[in-house]
Participant: 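Here's a structure for you.
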Amino acid sequence: MRAKRPNILLVTSDQQRADCVGFENRHIRTPHLDALARDGTRFSANIAPNLVCQPSRASILTGLLPLTHGVWDNGVDLDPAVGERGFAAALAGSGYRTAFIGKAHFATKSTFAPTGTPECMRSHARYGPRWTGPYMGFAHVELAALGHLHRTRPLERPPVGHYERWLVARGEDEEALKLWAEATRPGSGAAQTWSSALPVAWHNSTWIADRAIAWLREGRAADAPFCLWASFPDPHHPFDCPEPWSSLYDPRDVPLPAERRRDLERRPWWHKAVLESTPQLADPVMLRFRAEGSRVPDQSDRQLAEMTANYYGMISLIDHNLGRILAALADCELAADTLVFYTTDHGELMGNHGLYLKHPIPYEDLLRVALVARGPGVAAGGVVAQPVSTLDLAPTFCDYAGVPAPVAFQGRSLRALLAGGDETRDAAWSEWHVHPSRCGVGLQLRTVRTRTHKCTFELGSGAGELYDLVNDPAEMENRYDDPACAKVRRELHDMMRARPGAVRADLAEPVGMA
């Protein structure tokens, strides 16, 4: 008789630093994540395969690195033929009931022409209000396609996504949109930061938990295992936490980075270039959007503290809703048979080194992300220091489900490590093929992280940066050209060249620099 296969619940946030969880940071309150870590195992050296959303999310789904699955930057859609060979389709084909609820971002929302995906603002209407999948291997889908509303940009009509249609219908005369754009109290002028008047009941974090709970109670089949991915769009900027969560943290009490001034003269050339070059976009609207959405001017300490407090509030609101989902698992008598994983797509700079949001600058603030798991066969109270990646999730899910790998995964199953085994991992990889249209310069970045060191190579110029994470965890001293580190640099270079699997031919050559 075939052994009972576990249910799988994957919960993700968007743009959450690894140190913004209670078990790493006493200043932030995440009681449900802390309990998940106590009851299960966490990974202290888990990294993202890329530093922005779309490539990292595609890697979670497919188990492939960005330059293999082809999503080399935001604005590049995942080929459905590749996405439909990810873990969701593999599990669905073996009898799992699969669902995706929340922010997918496997495809681009803002496009110049219809692309045919349900996430595209110019294509979504063709799917109709009753459409609920399939999409990228998930049988049931409810999307928060926009994810991040902006006070200065109106919502597209018709709204893209299940959540957006639901939100527009709240109250009378689009009351929800008006409240969302209204700040509840004056702030310090911190960039992309305000306290939203939107009721918590109408916030997308609440909606995603509501819909996930409804699916667990009513949508899944009781006679089959399930795989549910619940994807929260926060704490991605803008930092617009609703009350009372926006007031949960006093800006005077949040810690600020010790090194919060830019020191570009100590860094490789591209650090300065990506901050000062002009994106090569012909459309003035998209150029303005890129400039406003990805570049933050210098902030005062007061402004940074206010930004951080709102960021913390967004994370605590997610944690609250994670707790609601976990309670529903228990109420449905599913907890004992369900593997629960929590992670994110990438981190957030949040003022460290004088930088904000995300850039092609792989400091640990962006690269390292939390990964916590609990469930049958997972050791309690475990802390794994081996270098791993969210790339490893797809092979892990297939391993637990007893499903053959649908493709040659470039990640490796975490099952032995989750069980408390001492399996050795030499390195984890992250990569980015940055086109001049994004930030004004073209880059071929390859990052290798071991337990003790991290090295990033820019293949077009031969420049790089190497940090000793044991003796210099703040990444202040770039040792790339230090003769004393030549041996370590050669070792990491060899690891970079030993990247598992092939790079797509169209992404193998360095892109041009402005």
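Residue numbers count from 1 along this sequence. Note: hydrogens, waters and symmetry copies are ignored here, and every other heavy atom, side chains too, is used.
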Participant: Using 0.5 Å steps for rounding, measure from the OG1 atom of T450 to the CG atom of L469.
Facilitator: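 T450 OG1 to L469 CG: 7.0 Å, rounded to 0.5 Å.
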Participant: Do the non-hydrogen side-chain atoms of T12 and D345 ever get within less than 4.5 Å of each other?
Facilitator: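 No - every pair of side-chain heavy atoms lies 4.5 Å or more apart.
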Participant: Any non-hydrogen side-chain atom of L459 less than 4.5 Å from a side-chain atom of M496?
Facilitator: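 They are in contact (side-chain heavy atoms under 4.5 Å apart), so the answer is yes.
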Participant: Report the C-alpha distance between D19 and E364 in whole Å, list the side-chain angles of each, state the deciding distance to 0.1 Å, and finish with yes or no for side chain to side chain contact (heavy atoms under 4.5 Å, CB included).
Facilitator: CA-CA 10 Å; D19 60 5; E364 290 287 274; over 6 Å; no
Participant: For the pair N50 and S56, evaluate side chain to side chain donor-acceptor pair (under 3.5 Å) and give the outcome as yes or no after the intermediate values.
Facilitator: CA-CA 5 Å; N50 187 274; S56 287; 4.7 Å; no
Participant: Could I get the full list of ring-ring contact (aromatic ring centres under 6.0 Å, His included) partners for H271, not counting sequence neighbours?
Facilitator: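 Residues passing ring-ring contact (aromatic ring centres under 6.0 Å, His included) with H271: Y363.
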Participant: Taking S231 for its side chain and G102 for its backbone only, find out whether a donor-acceptor pair lies under 3.5 Å.
Facilitator: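 No; zero donor-acceptor contacts below 3.5 Å.
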Participant: Does the E458 side chain pair with the main chain of L445, one donor and one acceptor, at a distance under 3.5 Å?
Facilitator: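 No; judged by distance alone, with no hydrogens or angles, the pair does not exist.
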Participant: In Å, rounded to the nearest 0.5 Å, how long is the span from CG of N7 to CG of L228?
Facilitator: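 The CG atom of N7 sits 10.0 Å away from the CG atom of L228.
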Participant: Side chain of D234, backbone of M314: donor and acceptor closer than 3.5 Å?
Facilitator: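 Pair absent, no side-chain N/O of D234 close to backbone of M314.
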Participant: Going from CG on D426 to CG on L492, what distance comes out if it is rounded to the nearest 0.5 angstrom?
Facilitator: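 If we round to the nearest 0.5 Å, D426:CG and L492:CG are 10.5 Å apart.
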Participant: Does anything in residues 50-78 pair up under ring pair (Phe, Tyr, Trp, His ring centres under 6.0 Å), and if so which pairs, sequence neighbours excluded?
Facilitator: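 As it turns out, the ring pair (Phe, Tyr, Trp, His ring centres under 6.0 Å) pairs with a partner in residues 50-78, which skip direct neighbours, are W72-H433.
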Participant: Taking atom CG of L418 and atom CG of L339, what is their separation to the nearest 0.5 Å?
Facilitator: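 Taking CG in L418 and CG in L339, the distance rounds to 8.0 Å.
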Participant: Please check if the number of heavy atoms outside D250 that lie under 6.0 Å from its CG is greater than 12.
Facilitator: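 Check passes, neighbour count above 12.
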Participant: Excluding sequence neighbours, so at least two apart, what forms side chain to side chain contact (heavy atoms under 4.5 Å, CB included) with A419?
Facilitator: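 Side chain to side chain contact (heavy atoms under 4.5 Å, CB included) list for A419, sorted by chain: empty.
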Participant: Got a sec, which residues hit ring-ring contact (aromatic ring centres under 6.0 Å, His included) with Y312, two or more places apart in sequence or on another chain?
Facilitator: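 Counting only residues at least two positions away or on another chain, Y312 forms a ring-ring contact (aromatic ring centres under 6.0 Å, His included) with Y249.
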Participant: How far does CD1 of I47 sit from CG of L371, to the nearest 0.5 angstrom?
Facilitator: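 Answer rounded to 0.5 Å: 12.0 Å.
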Participant: Would you call E477 and D482 a side-chain contact if the rule is heavy atoms closer than 4.5 Å?
Facilitator: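 They are not in contact (no side-chain heavy atoms under 4.5 Å apart), so the answer is no.
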Participant: Between D392 and R425, does any NZ, NE, NH1 or NH2 come within less than 4.0 Å of an OD or OE carboxylate oxygen?
Facilitator: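 Looking at D392 together with R425, the answer is yes, because their closest N to O distance falls below 4.0 Å.
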Participant: Any side-chain heavy atom of E491 sitting closer than 4.5 Å to one from H453?
Facilitator: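 When only atoms from C-beta onward are counted, H453 and E491 do not touch, as no gap falls below 4.5 Å.
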Participant: Look at the side chain of Y163 and the backbone N and O of N204, then say whether any donor-acceptor pair between them is shorter than 3.5 Å.
Facilitator: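 Pair found, side chain donor or acceptor close to backbone of N204.
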Participant: Only distances under 3.5 Å count here; give the side-chain donor-acceptor pairs of residues 403-412 to other protein atoms, sequence neighbours excluded, each with its distance to 0.1 Å.
Facilitator:
residue, atom, partner, partner atom, Å
Q410, OE1, L65, N, 2.7
Q410, OE1, T68, OG1, 3.4
Q410, NE2, T68, OG1, 2.9
Q410, NE2, P500, O, 2.7
R412, NH2, E423, OE2, 2.5

Participant: So does V76 get a backbone contact from the side chain of Q54, meaning a donor-acceptor N/O pair under 3.5 Å?
Facilitator: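 Yes, the answer is positive, given that a donor and an acceptor are paired below the 3.5 Å cut-off.
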Participant: Any side chain to side chain donor-acceptor pair (under 3.5 Å) pairs touching residues 365-387, not counting sequence neighbours?
Facilitator: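 Residue pairs passing side chain to side chain donor-acceptor pair (under 3.5 Å), neighbours aside: R17-D365, E24-R368, N352-D365.
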Participant: Mind jotting down which residue pairs meet the ring pair (Phe, Tyr, Trp, His ring centres under 6.0 Å) criterion with at least one end in residues 378-402? Sequence neighbours excluded, please.
Facilitator: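 Every ring pair (Phe, Tyr, Trp, His ring centres under 6.0 Å) pair that includes a residue of residues 378-402, provided the two are not neighbours, is F87-F397, F341-F397.
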Participant: Please list, chain by chain and in numerical order, all residues satisfying ring-ring contact (aromatic ring centres under 6.0 Å, His included) with F106, sequence neighbours excluded.
Facilitator: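 F106: ring-ring contact (aromatic ring centres under 6.0 Å, His included) contacts with F100, W229.
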Participant: Only counting residues at least two apart or in another chain, list the ones meeting ring-ring contact (aromatic ring centres under 6.0 Å, His included) with F226.
Facilitator: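 With sequence neighbours excluded, F226 shows a ring-ring contact (aromatic ring centres under 6.0 Å, His included) to W215, given in chain and number order.
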Participant: Where is the tightest heavy-atom contact between T390 and P49, given as atom of each residue plus distance?
Facilitator: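 For T390 and P49, the tightest heavy-atom pair comes out as OG1-CD, 3.1 Å.
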Participant: Is the backbone N or O of V160 less than 3.5 Å from a side-chain atom of K109, with the two atoms forming a donor-acceptor pair by type?
Facilitator: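 Absent.
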Participant: Determine the sole option in D210, D331, D319 for which the salt bridge (Lys or Arg N to Asp or Glu O under 4.0 Å) test with R324 is passed.
Facilitator: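 Among the candidates, only D210 passes.
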Participant: I'd like to know if the side chain of R85 and the backbone of A81 have a donor-acceptor N/O pair within less than 3.5 Å.
Facilitator: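 Here the side-chain-to-backbone pair exists.
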Participant: Under the 3.5 angstrom rule, does the side chain of H353 hit a backbone N or O of A474 as a donor-acceptor pair?
Facilitator: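 A pair under 3.5 Å: yes.
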Participant: Would you indicate whether the side-chain heavy atoms of T396 and S413 approach each other to under 4.5 Å?
Facilitator: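 A side-chain contact exists here, since the closest heavy-atom pair is under 4.5 Å.
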Participant: Within the structure provided, determine whether P257 and M350 are in side-chain contact (heavy-atom separation under 4.5 Å).
Facilitator: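 Heavy-atom side-chain distance check fails, nothing below 4.5 Å.
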Participant: Who are the salt bridge (charged side-chain N to carboxylate O under 4.0 Å, His left out) partners of D494, not counting sequence neighbours?
Facilitator: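 None.
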Participant: Answer yes if the ring centres of W245 and H203 are under 6.0 angstrom apart, and no otherwise.
Facilitator: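 Aromatic pair excluded; centres sit 6.0 Å or further apart.
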Participant: Under the criterion side chain to side chain donor-acceptor pair (under 3.5 Å), which of H237, H236, Q16, Q15 is the partner of E348?
Facilitator: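 Single pass found, and it is Q15.
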Participant: Can you tell me how far the CG atom of L326 sits from the CG atom of N321, to the nearest 0.5 Å?
Facilitator: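 Here the rounded value is 11.0 Å.
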Participant: Just grab all the side chain to side chain donor-acceptor pair (under 3.5 Å) pairs involving residues 28-39, residues at least two apart or on different chains.
Facilitator: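 The answer is T30-D34.
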Participant: Could you tell me which residues satisfy side chain to side chain contact (heavy atoms under 4.5 Å, CB included) with D481, sequence neighbours excluded, listed by chain and number?
Facilitator: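 Residues passing side chain to side chain contact (heavy atoms under 4.5 Å, CB included) with D481: R489.
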Participant: So, R220 side chain and L216 main chain: donor-acceptor pair closer than 3.5 Å or not?
Facilitator: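 Indeed, once roles are kept as given, a pair shorter than 3.5 Å links the two residues.
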Participant: Between R42 and S44 (side chain of the first, backbone of the second, donor and acceptor by atom type, cut-off under 3.5 Å), is there such a pair?
Facilitator: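 No; zero donor-acceptor contacts below 3.5 Å.
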Participant: What's the verdict on side chain to side chain contact (heavy atoms under 4.5 Å, CB included) for I325 and I213, showing C-alpha distance, side-chain angles and the deciding distance?
Facilitator: CA-CA 6 Å; I325 296 172; I213 291 168; 4.3 Å; yes
Participant: Which pair of non-hydrogen atoms, one from C53 and one from D14, has the smallest distance, and what is that distance?
Facilitator: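 Taking C53 first and D14 second, the nearest heavy atoms are SG-OD1, 3.5 Å.
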